Amino acid sequence: MLVINSGSSSVKYQLLDMAEADPADGRGAVRLASGVVERIGEGPGADHAEALRRVAGELDAEGLGPDSPGLAAVGHRVVHGGTRFTEPVLITDEVLAGIEELVPLAPLHNPGNIAGITVSRELRPGLPQVAVFDTAFHATIPEHAARYALDTATADAYGVRRYGFHGTSHAYVSRAAAALLGRDPAEVNAIVLHLGNGASASAVAGGICVETSMGLTPLEGLVMGTRSGDLDPAVVFHLARVAGLDTDAIDTLLNKRSGLLGLCGDNDMREIGRRMAEGDHAARLAFEIYVHRLRKYVGAYTAVLGRVDVIAFTAGVGENSAAVREAATRGLEVLGIEVDPVRNALRGSAPRLVSAGSSRVAVAVIPTDEELEIARQTFELVTGADAGQRGGDGPAARPAPRQESP
Ligand code: AMP
């Protein structure tokens with residue numbers, strides 16, 4: 001399986017041998033090659049084409065290129081699937097047109113994904129290509145959580161609702177957290193905190209996502225590296241009327257110049273930690289705002305789930321920053337959440353528990369692996385593991401919530 005993550009400014013790829021992989025969780029997959037082509041120019045097209053040809057060339061040099069007979073399929077990360085694509089789907093012309101129709105919902109992301117798919121189909125026509133959507137895992141969120149309290153006709157006319165993102169990671173991590181507890185995912189309620197440069201939280205009840213923090217776009221929710229997360233929507237009108245900023249300027253401000261970067265000038269948690277150690281107030285305040293938001297979401301999602309079995313930290317910050325894990329769970333003993341300082345300080349690359357023995361809720365660090373999850377879902381689709389239930393291209397593809405949130 002070749003996994004391609006063709007973003008707006010980079011193309012990342014991994015080649016995975018799934019022959020010995022567990023179909024349920026991908027364990028046993030072997031990583032044969034991986035790499036990244038960075039700093040691709042703005043518009044999709046020629047630049048993505050060139051980047052992908054370079055990827056193909058690098059793989060060819062090792063006898064693993066697009067023409068090699070062992071290559072069974074390509075899995076593409078696609079950011080926005082809207083309400084139409086709620087499962088991985090085999091890419092046809094019609095599917096590609098459907099992904100293009102969603103560009104207005106994800107103008108920063110879907111064009112790069114489309115360019116990657118288009119070029120990759122040209123490189124070896126006939127090879128199955130599968131789209132795996134970042135929104136898909138969140139398609140089960142019940143209507144009362146997915147809808148904003150807006151005029152219904154306007155919301156429906158323009159697709160304004162909460163979709164959620166990072167779904168591949170939330171799916172993988174919630175399942176791996178259950179495995180770490182030695183339990184069936186169907187029995188485990190989890191809060192997943194995906195804290196990378198982008199950050200999102202999800203509430204997963206028995207393996208089914210029932211709530212997540214990102215919304216129509218990845219801007220909503222937690223404080224992120226450069227994104228504000230939640231704010232009063234009237235901030236936008238205020239900036240337009242009083243500061244005279246236009247829509248694009250406000251979009252850039254909230255997506256690229258806010259969050260940790262906007263608060264203290266740094267979006268890397270390592271640098272913020274160093275500055276805090278030197279007594280830097282702006283860095284300290286940025287950190288406190290970041291972890292305050294996290295604590296609020298942990299409390300809210302505890303209310304959504306009713307019973308929480310595990311809180312799983314993942315991605316760059318979640319996997320590496322003991323300080324964030326400690327501060328995000330501080331004072332939550334009332335919810336049964338207690339982190340063990342010694343376990344929390346230990347570094348490692350394997351899934352592990354950092355909660356105290358007395359903690360009612362397990363707290364875990366689970367390294368995410370979105371590429372493996374895309375490869376696993378692609379493999380499952382092309383080998384027809386549960387064929388018949390698939391059909392992300394169908395007219396009523398959004399499944400009814402399989403479970404009401406308690
Ligand atoms: P990701 O988007 O998952 O690659 O996460 C990237 C972010 O992880 C960086 O911007 C850093 O803020 C954070 N990060 C990476 N390594 C560390 C570390 N050792 N300690 C704290 N934060 C880290």
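We count ligands from 1, going down the list as the structure has it; atoms in each ligand are counted the same way. On a predicted model such as this, the values are computed, not experimentally measured, just so you know.
- Within the listing of ligand 1, atoms 1 (P), 2 (O), 3 (O), 5 (O) sit less than 4.0 angstrom from a heavy atom of G196.
- Within ligand 1, the atoms closer than 4.0 Å to a non-hydrogen atom of N197 are 1 (P), 2 (O), 5 (O), 6 (C), numbered from 1 in the order shown.
- Salt bridge status for R147 with D156: present, with a side-chain N to carboxylate O gap under 4.0 Å.
- Protein heavy atom nearest atom 20 (N) of ligand 1, with residue, atom name and distance: R270 CG, 3.3 Å.
- With respect to R274 and E271, a salt bridge is recorded, a charged nitrogen being found less than 4.0 Å from a carboxylate O.
- Proximity to A315 (heavy-atom distance under 4.0 Å) selects the following atoms of ligand 1: 3 (O).
- Looking at R275 and E278, no side-chain N of the basic residue comes within less than 4.0 Å of a carboxylate O on the acidic one, giving no salt bridge.
- The nearest protein atom to atom 13 (C) of ligand 1, hydrogens excluded, is given as V317 CG2, 3.6 Å; this is a heavy-atom distance.
- In this structure, the protein non-hydrogen atom closest to atom 19 (N) of ligand 1 is N320 CB, 3.4 Å.
- Closest to atom 11 (C) of ligand 1 among all protein heavy atoms lies D268 OD1, 3.4 Å.
- Comment: D93 engages R121 in a salt bridge, judged by a side-chain N to carboxylate O separation of less than 4.0 angstrom.
- Here the heavy atom of the protein found nearest to atom 22 (N) of ligand 1 is M269 CB, 3.5 Å.
- Proximity of N267 to ligand 1, defined as any heavy-atom pair under 4.0 Å, is confined to the backbone N, CA, C and O atoms.
- Separation of the H80 and F165 ring centroids falls under the 6.0 Å cut-off.
- Protein heavy atoms are found less than 4.0 angstrom from atom 1 (P) of ligand 1.
- Nearest-heavy-atom check against atom 23 (C) of ligand 1 across A322, S321, G316 picks out G316.
- With salt bridges taken as basic N to acidic carboxylate O contacts below 4.0 Å, one links R31 and D369.
- Salt bridge status for R175 with E373: present, with a side-chain N to carboxylate O gap under 4.0 Å.
- Salt bridge D134/R77: present, at least one basic N to carboxylate O contact under 4.0 Å.
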